[in-house]
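Structure first, then comments.
The chains referred to below are lettered A, B, ... by the order of the sequence lines, with proteins before strands, and numbering in each begins at 1.
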2 protein chains.
Amino acid sequence: MRTNIDSISKPALRRMPHYLNYLYEKKNDGVTHISSTVIAEELDLNPVKVRKDLARTGVIGKPKTGFDVDELILNITELLGYNNSHEAVLVGVGQLGRALLSYKGFASYGLNIVVAFDTDESICNRKINGKKVFHLSKIKELVSRLKIRIGVITVPAKNAQDICDLLIESGVLAIWNFAPVHLKVPDNILVQNENMAASLAILSQHLKEKR
Amino acid sequence: MRTNIDSISKPALRRMPHYLNYLYEKKNDGVTHISSTVIAEELDLNPVKVRKDLARTGVIGKPKTGFDVDELILNITELLGYNNSHEAVLVGVGQLGRALLSYKGFASYGLNIVVAFDTDESICNRKINGKKVFHLSKIKELVSRLKIRIGVITVPAKNAQDICDLLIESGVLAIWNFAPVHLKVPDNILVQNENMAASLAILSQHLKEKR
DNA sequence: ATGATATCGATAACATATTATCGATATCAT
DNA sequence: ATGATATCGATAATATGTTATCGATATCAT
């Protein structure tokens with residue numbers, strides 16, 4: 001059994017950003033302390049689960065008062081690595097790629113897409129939201145020189161594996177994959193699939209059950 | 001204990017589109033039969049898990065031969081409701097909204113975004129990818145008249161709850177939420193959060209563990 | 001035909017995640 | 001000060017999801 005002190009379950013980790021959003025809202029409303037009960041209520045979670053998650057951040061709550069909002073925000077932000085921002089590159093400047101490049105919100109999540117790549121000459125050497133688009137042939141040189149660790153894949157399914165390989169060759173350690181394919185990678189590389197189809201499956205199932 | 005014959009776990013459901021993609025690839029390569037072992041190998045899953053998932057589709061495999069690819073494709077497609085397409089509306093025609101409107105791929109997932117809404121007059125009454133953008137004030141009338149059941153929310157966080165309420169009032173049963181907030185909804189309504197921040201959390205954690 | 005083998009499908013063991021229970025403690029009202 | 005109460009945090013119970021085991025069966029080679 002691996003009881004790493006630093007290990008945190010993926011489900012728990014995925015909940016953290018939710019807590020953070022919620023806490024920011026509350027802080028904005030002038031709230032300084034909040035109980036796990038209330039959080040659970042408003043986020044439709046089990047209070048015990050919330051307490052467990054929050055305990056994981058190292059913040060300790062006070063009976064009758066709850067947790068210090070600022071302290072929670074600080075620790076969750078730290079835990080999620082939103083402070084020390086990660087630089088990333090994006091490959092595939094289609095509609096979706098463009099949307100992600102234009103999205104200002106990633107900064108607050110500690111992600112900073114610094115450059116993009118595409119094979120289409122007509123898009124290259126432009127800027128989108130201040131980020132320059134290079135031809136794919138430049139990727140290895142740039143990624144390794146800039147020591148980029150995250151690659152975002154927004155190319156068509158059929159090209160995704162090749163791009164993935166290229167990214168890993170260039171030194172990328174984690175891949176955010178928007179292409180609907182399973183990517184083959186070495187053990188030490190993480191692939192996070194952004195899985196629209198899977199979400200749709202759940203929506204569709206819900207509608208089926210309603211009928 | 002609820003042992004509904006029709007119930008399928010969410011994790012399993014989320015895996016289904018993966019199988020489907022993979023099976024299409026294989027079919028394309030001329031493969032007619034495939035074993036759970038091979039699928040598991042290539043998708044980095046446990047073979048038993050694959051068998052369980054496939055069993056859930058109703059297809060029965062043959063020892064030594066494996067499962068019939070066409071049959072699997074058919075049944076999974078059915079299970080996921082990709083045949084009887086669901087019509088949806090999208091609210092919030094910003095960068096992301098536009099990208100989703102332009103994405104042709106949803107059709108094959110049984111999702112059809114038919115119209116979009118926004119409050120910005122300057123975007124209204126145009127078409128994006130053949131889908132007309134209406135002013136938000138028209139939403140209730142249109143959604144209820146067209147009997148739309150799915151709403152896609154791509155508005156800023158602060159407006160999301162209001163839009164959500166509006167959609168539900170108009171008769172929507174399932175919501176695909178891209179705004180980073182927790183939406184409060186009645187029990188019978190499903191919210192599927194597309195959770196970029198959560199995915200980023202996992203990426204970031206991986207990088208932290210590498211260091 | 002017969003035996004070897006790949007594969008299935010069912011059951012059981014295990015791991016993980018969620019929920020329930022309960023004693024301890026800080027705050028608040030009296 | 002004192003007692004009532006909300007809340008925490010630890011431990012236990014449950015549920016869910018994953019993995020292992022194993023007998024049964026269809027195919028293939030001899």
Side-chain angles (χ1 to χ4, degrees), chain A residues 1-16 18-19 22-23 26 31-69 71-72 75-76 182 195 198 201-202 205, chain B residues 1-16 18-19 22-23 26 31-69 71-72 75-76 182 195 198 201-202 205:
Chain A
M1 199 207 304
R2 191 177 62 102
T3 322
N4 186 351
I5 186 70
D6 251 36
S7 84
I8 176 172
S9 78
K10 284 194 181 178
L13 195 54
R14 297 181 66 92
R15 285 193 290 272
M16 290 296 170
H18 284 134
Y19 294 130
Y22 176 77
L23 290 166
K26 283 293 157 184
V31 177
T32 61
H33 292 267
I34 194 161
S35 79
S36 58
T37 324
V38 173
I39 299 179
E41 185 92 4
E42 301 212 28
L43 296 186
D44 292 326
L45 297 170
N46 182 291
V48 180
K49 196 195 291 187
V50 174
R51 272 208 290 288
K52 265 191 149 178
D53 288 344
L54 297 189
R56 191 57 200 66
T57 68
V59 180
I60 60 175
K62 270 192 207 154
K64 190 78 181 174
T65 321
F67 295 82
D68 184 290
V69 172
E71 210 180 335
L72 279 179
N75 284 32
I76 296 178
H182 176 81
N195 209 339
I202 294 182
Q205 186 70 11
Chain B
M1 201 208 302
R2 191 176 63 101
T3 322
N4 186 351
I5 186 73
D6 251 36
S7 85
I8 175 171
S9 79
K10 285 196 180 176
L13 195 54
R14 296 180 68 91
R15 284 191 292 270
M16 289 297 170
H18 284 133
Y19 294 130
Y22 176 75
L23 290 166
K26 283 293 156 184
V31 177
T32 62
H33 292 268
I34 193 162
S35 79
S36 57
T37 324
V38 172
I39 299 180
E41 185 92 4
E42 299 212 28
L43 296 186
D44 292 326
L45 297 170
N46 183 291
V48 180
K49 194 195 293 187
V50 175
R51 274 208 289 288
K52 265 192 147 176
D53 287 344
L54 297 189
R56 192 57 200 65
T57 68
V59 179
I60 59 174
K62 271 191 208 154
K64 190 78 183 176
T65 321
F67 295 82
D68 183 291
V69 172
E71 211 180 335
L72 279 179
N75 284 33
I76 295 178
H182 177 82
N195 208 340
I202 293 182
Q205 186 70 14

Counting only Watson-Crick or G-U wobble pairs whose two distances fall under 3.5 Å, which nucleotide matches [N]?
N: dT7(D); answer: dA24(C)
N: dT30(C); answer: dA1(D)
N: dC14(C); answer: dG17(D)
N: dT19(C); answer: dA12(D)

Using a 4.5 Å cut-off on heavy atoms from C-beta on, say whether the side chain of Arg15(A) contacts that of Tyr19(A). yes
Hey, could you give me the [atom1]/[atom2] distance between [X] and [Y], rounded to the nearest 0.5 Å?
X: Gln205(B); Y: Lys10(A); atom1: CD; atom2: NZ; result: 10.0 Å
X: Lys52(B); Y: Ile8(B); atom1: NZ; atom2: CD1; result: 12.0 Å
X: Thr57(B); Y: Phe67(B); atom1: OG1; atom2: CZ; result: 7.5 Å

Separation of atom [atom1] in [X] from atom [atom2] in [N], rounded to whole Å:
X: His33(A); N: dA6(D); atom1: NE2; atom2: C1'; answer: 15 Å
X: Lys52(A); N: dA20(C); atom1: NZ; atom2: C1'; answer: 11 Å
X: Lys49(B); N: dC14(C); atom1: NZ; atom2: P; answer: 19 Å
X: Asp68(A); N: dT27(C); atom1: CG; atom2: P; answer: 13 Å
X: Leu13(B); N: dG17(D); atom1: CG; atom2: P; answer: 11 Å
X: Lys10(A); N: dT16(D); atom1: NZ; atom2: P; answer: 22 Å
X: Ile39(B); N: dA6(C); atom1: CD1; atom2: C1'; answer: 15 Å
X: Asn46(B); N: dA15(C); atom1: CG; atom2: C1'; answer: 13 Å

Exercise: identify the closest heavy-atom pair between Ser36(A) and Pro47(A): CB-O, 4.1 Å
Only counting residues at least two apart or in another chain, list the ones meeting side-chain hydrogen bond (donor to acceptor under 3.5 Å, both in side chains) with His182(A). Asp44(B)
Sort out for me which residue in Leu45(B), Val38(B), Thr37(B) forms a side chain to side chain contact (heavy atoms under 4.5 Å, CB included) with Val50(B). Leu45(B)
I'd like a list of close polar pairs between nucleotides 7-10 of chain C and the protein, N/O only, cut-off under 3.5 Å.
residue	atom	partner	partner atom	Å
dT7(C)	O4'	Lys64(B)	N	3.3
dC8(C)	OP1	Ser36(B)	N	2.9
dC8(C)	OP2	Ser36(B)	OG	2.3
dC8(C)	O3'	Gly61(B)	O	3.3
dG9(C)	OP1	Gly61(B)	N	3.1
dG9(C)	N7	Arg51(B)	NE	2.8
dG9(C)	O6	Arg51(B)	NH2	3.2

